[in-house]
Amino acid sequence: MVSLGAILKHPDDLYPLLKLKMAAKHAEKQIPSGPHWASCYSLLHRVARSFALVIQQLGTELRNAVCIFYLVLRALDTVEDDTSIPADVKAPILIAFHRHIYDRNWHFSCGTKDYKVLMDQFHDVSTAFLELGKGYQEAIEDITKRMGAGMVKFICKEVETIDDYDEYCHHVAGLVGLGLSKLFHDSELEDLDSDSLSNSTGLFLQKTNIIRDYLEDINEIPKARMFWPREIWSKYVDELEDLKYEENSVEAVQCLNDMVTNSLIHVDNCLKYMSALPEPAIFRFCAIPQVMAIGTLAMCYNNINVFRGVVKMRRGLTAQVIHRTKTMADVYGAFFDFSCMLKSKVDKNDPNATKTLSILEAIQKTCRESGALNKRKSYILRNELKYNSVLIVLLFIILSIIFAYLSANRSSY
């Protein structure tokens with residue numbers, strides 16, 4: 001729920017938020033018949049609200065396949081994430097998970113909150129999976145098998161080097177990119193893209209999440225989850241958890257900036273991947289999370305609050321991204337704007353400043369050379385103190401009418 005204060009501060013968010021709300025209502029009417037499908041889409045909204053909004057871009061058949069693909073992998077990830085499960089119990093489940101999705105009666109209770117609900121109701125996911133086309137089933141099974149095997153490798157293995165980091169992110173997210181490309185191909189709406197480009201889209205999203213979720217992961221009970229590579233964080237502190245302590249604030253921010261810089265190396269491949277997607281619905285489905293990722297990195301960069309709580313894009317800006325990301329020109333524009341925001345935050349004294357600026361300038365050069373920057377509306381870098389007076393006046397008029405109506409009704413009693 002967005003507050004009135006937030007709307008007054010960002011009036012341009014109002015229309016995209018209303019449109020997003022209407023789109024969500026419309027999507028609810030398109031859920032296939034059958035209680036198991038209703039359960040699956042309800043689970044999707046509970047465990048991945050942003051993804052549930054983005055998936056609305058797809059046609060019914062592909063949307064159902066992607067929904068189940070996500071839930072299967074989210075359930076697999078829930079097993080991997082649960083640090084209370086002993087390794088000798090966890091490993092066999094991860095390895096066999098691709099077979100469990102064919103069993104309507106299988107479930108394994110683990111995880112917490114909404115993720116526990118997903119695991120307890122996994123029979124609905126399996127039931128829906130068995131109703132998908134054969135090609136979709138085979139693609140989901142293949143990626144689930146490969147991902148489970150990759151996760152097992154890192155159960156007892158620390159993420160030591162940057163190569164380890166890339167490999168881990170490949171197993172848990174790069175394979176998602178490969179799987180989605182296969183689902184798009186099986187839907188006969190897209191050609192099969194290169195594994196390299198598909199992998200990069202997954203790595204970019206995963207690395208963004210790992211950076212944003214530092215505090216949640218390091219405070220995990222009974223055991224911390226540690227995905228930041230030692231090769232990076234050991235340059236700044238003795239232990240990864242030291243980054244959350246106030247006395248290490250300078251080192252923490254420098255380490256954070258190093259991590260963001262590492263993530264930005266995937267942007268070029270991400271832009272190439274998106275530019276090769278001709279089908280509008282699939283393009284929007286892929287592009288919106290990528291724009292949100294570069295936006296999240298812009299929010300996180302040089303921001304000590306990553307180590308104090310949750311840093312993310314406000315809901316209204318998310319609604320604007322979903323509303324305005326329609327063409328590749330919009331993507332180039334957003335990446336250019338967010339890279340400008342990042343560039344403005346670079347401290348020349350930061351150990352990685354030169355490398356960071358070089359990567360950002362390369363991203364901006366790609367966006368400029370696309371010739372698309374003059375074809376889109378810039379909405380990222382507005383001065384947030386300059387409110388849109390027309391929208392504010394309109395909002396107050398509406399509120400005044402509502403107040404007058406309620407007052408008239410009260411006086412009639």
Side-chain angles (χ1 to χ4, degrees), residues 77-91 94 110-112 115 150-174 203-266 293 296-312 342 345-347 349-356 359:
D77 196 48
T78 299
V79 176
E80 185 220 12
D81 282 349
D82 193 329
T83 54
S84 69
I85 305 173
D88 60 339
V89 174
K90 183 181 292 188
L94 294 175
C110 65
T112 59
Y115 303 109
M151 287 174 168
V152 168
K153 181 175 180 179
F154 282 89
I155 287 178
C156 298
K157 176 181 170 58
E158 296 269 335
V159 179
E160 296 283 348
T161 66
I162 292 175
D163 285 344
D164 289 340
Y165 184 42
D166 286 342
E167 183 183 0
Y168 174 77
C169 290
H170 165 73
H171 290 313
V172 301
L203 264 63
F204 187 55
L205 298 182
Q206 182 65 19
K207 288 185 176 183
T208 300
N209 291 341
I210 286 173
I211 291 168
R212 181 199 63 197
D213 295 340
Y214 166 85
L215 193 63
E216 177 185 341
D217 289 338
I218 206 71
N219 288 336
E220 180 70 19
I221 296 173
K223 181 183 176 183
R225 290 180 296 188
M226 295 186 284
F227 304 118
W228 291 33
R230 183 184 294 271
E231 185 176 339
I232 290 179
W233 62 255
S234 64
K235 293 186 287 184
Y236 307 95
V237 287
D238 294 329
E239 299 293 339
L240 182 56
E241 68 177 274
D242 292 344
L243 294 172
K244 70 180 182 180
Y245 300 126
E246 192 169 346
E247 61 266 26
N248 298 320
S249 293
V250 172
E251 293 82 4
V253 168
Q254 291 177 347
C255 183
L256 168 65
N257 294 345
D258 202 340
M259 290 287 291
V260 172
T261 301
N262 173 271
S263 301
L264 293 172
I265 63 176
H266 302 291
T296 300
L297 290 178
M299 304 293 174
C300 289
Y301 185 84
N302 216 37
N303 189 348
I304 190 61
N305 290 321
V306 170
F307 305 97
R308 306 289 181 262
V310 179
V311 174
K312 60 182 180 180
L342 272 158
K345 296 169 72 175
V346 175
D347 182 345
N349 295 318
D350 186 274
N352 292 282
T354 301
K355 183 177 181 182
T356 307
I359 295 173

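- Residues Arg308 and Glu246 have side chains in contact (heavy-atom distance under 4.5 Å, counting atoms from C-beta outward).
- Across Val172 and Met151, no two heavy atoms sit closer than the pair CG1-CE, 3.9 Å.
- In the displayed structure, Lys235 atom NZ is contacted under 6.0 Å by more than 12 heavy atoms of other residues, nucleotides or ligands.
- Thr356 has its side chain within reach of Tyr301: a pair of non-hydrogen atoms, C-beta onward, lies under 4.5 Å apart.
- For the pair Trp228 (side chain) and Trp233 (backbone), a donor-acceptor distance under 3.5 Å is absent.
- A donor-acceptor contact under 3.5 angstrom links the side chains of Lys207 and His266, judged on distance only.
- The closest side-chain donor-acceptor pair between Asp242 and Asn248, if any, does not fall under 3.5 angstrom.
- Counting heavy atoms from C-beta on, the side chains of Asp213 and Arg225 never come closer than 4.5 Å.
- Using a 30° and 60° split on the angle between ring planes, Phe227 and Tyr168 fall in the parallel class, below 30°.
- Here the CD-CG distance, from Glu220 to Asp82, works out to 7.5 Å after rounding to the nearest 0.5 Å.
- Under the 3.5 Å distance criterion, the side-chain polar atoms of Glu231 are matched with a main-chain donor or acceptor of Ile162.
- Remark: side-chain polar atoms of Lys90 are paired, donor with acceptor, to backbone N or O of Glu80 under 3.5 angstrom.
- We find the CG-CD distance between Leu256 and Glu251 to be 13.0 Å, quoted to the nearest 0.5 Å.
- Here the closest heavy-atom approach between residue Phe307 and residue Ala252 is recorded as CZ-O, 3.3 Å.
- Here NE2 of His170 is found 8.5 Å from CG of Leu203. Values are rounded to the nearest 0.5 Å.
- Dense packing is recorded around NZ of Lys345, with more than 12 heavy atoms of other residues, nucleotides or ligands lying under 6.0 Å away.
- Using a 4.0 Å cut-off between charged nitrogen and carboxylate oxygen, Asp258 and Lys355 do not count as a salt-bridge pair.
- In this structure, the side chains of Tyr214 and Leu240 come closer than 4.5 Å at one or more pairs of heavy atoms.
- Between Cys110 and Ile85 the shortest heavy-atom distance is CB-CD1, 3.8 Å.
- To the nearest 0.5 Å, atom OG1 of residue Thr83 and atom CD1 of residue Ile155 are 12.5 Å apart.
- Val237 is not listed as a side-chain neighbour of Cys255, based on a closest heavy-atom distance of 4.5 Å or more.
- When all heavy atoms of Ala353 and Val346 are compared, the pair lying nearest together is CB-CG1, 3.8 Å.
- Counted within 6.0 Å of CD on Glu247, heavy atoms from surrounding residues, nucleotides or ligands total more than 12; the atom is thus considered enclosed.
- Using a cutoff of 4.0 Å between basic side-chain nitrogens and carboxylate oxygens, Lys157 and Asp164 are scored as salt-bridged.
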Quiz item: What do the steps show when you test Leu264 against Leu342 for side chain to side chain contact (heavy atoms under 4.5 Å, CB included), and what is the final call?
Solution: CA-CA 11 Å; Leu264 293 172; Leu342 272 158; 4.2 Å; yes
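- Heavy atoms only, all atoms of each residue included: Ala91 and Val152 are closest at O-CG2, 3.7 Å.
- Between Gln206 and Ala173, the shortest heavy-atom distance links the atoms CB-CB, 3.4 Å.
- Residues Tyr165 and Met259 meet the side-chain proximity criterion, which asks for heavy atoms closer than 4.5 Å.
- Here the CD1 atom belonging to Ile211 is positioned 12.0 Å from the CG atom belonging to Asp217, to the nearest 0.5 angstrom.
- Going from atom OG1 of Thr261 over to atom CG of Asn352 covers 5.5 Å, rounded to the nearest 0.5 Å.
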